[in-house]
Each structure stands twice: as C-alpha cells, then as structure tokens.
Amino acid sequence: MRATRSMLYIPADSPGMLQHAPVFGCDSILMDLEDAIAYTEKDSARRMAVWFLKEFDFKELFVTVRTNGADTKFFEDDIEAVIPCRPGAVRLPKCNSEEDIRYADEKISAVEMKNGMEIGTVKLHAMVETALGLENAFRIASASPRVTALTLGGQDFTADMGIQKTREGRELFYARGRIVAAAHAAGVASFDTVWTDLNDQEGLFLEAKEIVELGFTGKACIHPSQIATIHRAFMPAEKDLRKALRVVEAAEKAEREGKGVISVDGKMVDAPIVARSAHLLKLAELYGFDREAL
Ligand SMILES: CC(C)(COP(=O)(O)OP(=O)(O)OC[C@H]1O[C@@H](n2cnc3c(N)ncnc32)[C@H](O)[C@@H]1OP(=O)(O)O)[C@@H](O)C(=O)NCCC(=O)NCCSC(=O)C[C@@](O)(CC(=O)O)C(=O)O
Ligand SMILES: [Mg+2]
C-alpha cells in the first residue's frame, strides 16, 4: 500500500516545474495534457511529457498523465505516445458513461499489445466532471479492471451544472458523497478536486479535512505550497489515535480472555468500532505516524 494523499498537477509543457517534482514531497504528480495546455501547445506538451517519462528520474513518485478527453482529436495521439512510456496511470477527463471507459480501455490495450506490454499495465483514473458522469459513477468505476480510481473534477462539474463554486463547497457535497460511495462499492480509490485559491491555506485545510471525513483517499492540488496542508489534513488527530489504540488493545485483550462485548472510556465497543480503529491506525502509519511515539 502506498499513500495517495496529494497529487500535484504539473502542466506537461513546463519543464522547469517538472524537474522539481521529486523535491516537493507530494505522493504523486499529474502531468497535464488537458486543460492546463493551450490548444496550440498540445503537440509540444505531449512531446515534453514523453521525454520526461522516458528520461527523467521521478524517484519514488507515482506518475499519472492526464490525457485529453476521449472525444477530442488529441486523445489517440496522447495514448499512442504516452502508454509505451509506462506511466503509473492515465487520468481520463470528462467520463460520462461506461462507454467512455470501454473506448479508452480498448485504445490503451491496443497500444500496450503493440508495444509488447502486459494488458492492464497502465491503470486508468476516471474523472467525473458532469452531472451525467455522476449519475453513472459506479458503472464508470466498474467498467474495466483497468480503472483503479474515480476522481472529481469540481471546476468542470460546477460549470456543467451552471452553479458557482464556493469556498464552503456545499454545492459539491452530494457529488463528493456519491463519488466516494461509488468508488468504494467498486473497490477503487477516490480522489478529490483541486483548491484554486493559492492564498487561502485555511480554506484548503478545511476542505481537505471534510473530504478525508467523507472517505476520499487523495486530493489533487495545483501548487507545491498546498501539499503540506493536504498531508496535515489526512493525518488523524493524536487524541483519535490514542483512542483507537485503546480500543484495539482492549479488543485484543477481550479476545484473549474470551469476552464478547466490551466498553472503553465508558462506551460500548463492538466489531465495527474495532475495525474502524484498526483502519485509522493503519492509515496514520501509512502517513508516517509512529505508534510507539504515543
Ligand atoms: C497556478 C500557477 C499558474 C501559479 O504559478 P506561479 O508561477 O504564479 O506560482 P508561484 O507561486 O510564483 O510559483 C513558485 C514556484 O513554484 C513553481 N510551481 C508553481 N506551481 C507548480 C506546480 N504545479 N508544479 C511544480 N512547480 C510549481 C513555480 O514554477 C515557481 O518555481 P521557481 O520559478 O523555480 O521559483 C501554477 O501553480 C500552475 O500552473 N499550477 C498547475 C495548474 C494546472 O495544472 N491546472 C490544471 C489542473 S486543475 C483542472 O484542470 C481542474 C479540474 O479539471 C481538475 C481537478 O479538480 O482535478 C476540474 O475540473 O476541477
Ligand atoms: Mg476539469
């Protein structure tokens, strides 16, 4: 298991930004060929992406490439160029139905086959960015075993809905809840959308906390300064970790003594509470928490 908390978008036509990617401390990068790239720069951005994927040492970073949409004239060229470079995943924008996934899957498989790669080598992260995509979220997530994540594109989603994106984000509450549940039901990861105000770290933190509580496994970002804030939001509070540890230890002791239901701090503890506590500790350890330090 690897942490997927922070995913830094880097426009694929920015070698200056790309070359610094391994020093920022993010869990992964999203090399963008879609909306961060001007229409006239698509070909040169694609060439730059290929060069970096082949020649540059991204160290431990998981590298995802966001291609242009499956319905654009750039998509096939993107897939043809990028897949042989074996990025960890391709992020497919504006997925409206399982048909988009099947189409992309077929194209990727064909390129993998042509290049002697095992089918399914490059994973697919499906972006839900429209009301139609949201309605089809579970079908999108389960359309192919290649899909390993559902992701929300909040800017496009609000534009599609004809609503405003606010600091509080109430307008995305339903979409977030639906995406996270659809992803979980399909057994894939769920990644939240970007926070665009580079001068509002508090707003970013509150939003990141909320999406962690909803169950998202990661959040995209657009600037290196946002990475630490996202990581802070993903780390459970020390008091919750202490409580989780007490619950897990009490449950282990009860099992040794052949006891059924137990109580911790005056509250009943049953199997789902033990499972939640164990999960919280496991996540915190994945994010660098040392149980012995409590
Ligand atoms: C916003 C800005 C222009 C500001 O630049 P500025 O240069 O003014 O910033 P400064 O503070 O001056 O930078 C200080 C130093 O950091 C370096 N630096 C900055 N950003 C860096 C970075 N990302 N990676 C590495 N390095 C970086 C910079 O090079 C400089 O380095 P140096 O010169 O050496 O000192 C820049 O950040 C940027 O381009 N961001 C990515 C934008 C992007 O990809 N958008 C598309 C994805 S979202 C989308 O499509 C919505 C979505 O589809 C998706 C969804 O939600 O998932 C939906 O529908 O919602
Ligand atoms: Mg978008």
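Note: hydrogens, waters and symmetry copies are ignored here, and every other heavy atom, side chains too, is used. For ligands, and for the atoms within them, numbers begin at 1 and follow the listed sequence. Computed from a predicted model, the values in this text were never measured in an experiment.
A salt bridge is absent between Asp13 and Arg46: the closest approach of a Lys/Arg side-chain nitrogen to an acidic carboxylate oxygen does not fall below 4.0 angstrom. Note on Arg102 versus Asp105: no salt bridge recorded, every NZ/NE/NH1/NH2 to OD/OE distance being 4.0 Å or above. Under a 4.0 Å N-O distance rule, the pair Lys209/Glu213 does not qualify as a salt bridge. Asp57 has a carboxylate O that lies under 4.0 Å from a charged side-chain N of Lys59, or vice versa, which qualifies the two as a salt bridge. Between Glu112 and Arg86 no salt bridge is recorded (no basic side-chain N to carboxylate O distance below 4.0 Å).
Among all protein heavy atoms, the one lying closest to atom 18 (N) of ligand 1 is Pro224 CD, 3.8 Å. With respect to atom 53 (O) of ligand 1, the closest heavy atom belonging to the protein is Arg66 NH1, 2.8 Å. Looking only at heavy atoms of the protein, atom 19 (C) of ligand 1 is closest to His223 CD2, 3.6 Å.
Shown here, atom 24 (N) of ligand 1 is in close reach of the protein: a heavy atom of it lies under 4.0 Å off. Within 4.0 Å of atom 10 (P) of ligand 1, at least one protein heavy atom is present. Checking atom 13 (O) of ligand 1 against the protein gives a heavy-atom contact under 4.0 Å. Distance screen at 4.0 Å: atom 29 (O) of ligand 1 has a protein heavy-atom neighbour inside the cut-off. Distance check on atom 49 (C) of ligand 1: some protein heavy atom falls below the 4.0 Å cut-off. Under the 4.0 angstrom criterion, atom 58 (C) of ligand 1 counts as having a protein heavy-atom contact. For atom 55 (C) of ligand 1, the protein comes within 4.0 Å by at least one heavy atom. Atom 6 (P) of ligand 1 is not flagged as protein-proximal [any protein heavy atom, distance under 4.0 Å].
The minimum heavy-atom distance between Thr217 and Ala189, with the atom names listed, is OG1-CB, 3.4 Å. Closest heavy-atom contact between Val188 and Leu150: CG2-N, 4.0 Å.
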Open item on the list: Run the side chain to side chain contact (heavy atoms under 4.5 Å, CB included) test on Lys253 and Ile262 for me, step by step, so that the C-alpha distance in whole Å, both residues' side-chain angles and the decisive distance to 0.1 Å come before the verdict.
Closed with: CA-CA 10 Å; Lys253 183 164 177 277; Ile262 54 167; over 6 Å; no

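Proximity of Phe157 to ligand 1 is not established, as no heavy-atom distance is less than 4.0 Å. Heavy atoms of Leu152 come nearer than 4.0 angstrom to ligand 1 in at least one pair. Between Met7 and ligand 1 there is no heavy-atom distance shorter than 4.0 Å. Residue contacts with ligand 1 include Gly154, since one of its heavy atoms falls under 4.0 Å from the ligand. Residue contacts with ligand 1 include Met127, since one or more of its heavy atoms lies under 4.0 Å from the ligand.
Within Asp156, the N, O or S atom lying nearest to the Mg ion (ligand 2) carries the name OD2. For Glu129, the N/O/S atom at the shortest distance from the Mg ion (ligand 2) is named OE1.
Taking Lys42 as the reference, Ile37, Asn68, Phe74 meet the side-chain contact (heavy atoms from CB on, under 4.5 Å) condition, with sequence neighbours excluded.
Judged by a 6.0 Å distance limit and a 45° cone about the ring axis, Arg232 is positioned over the six-membered ring of Phe205.
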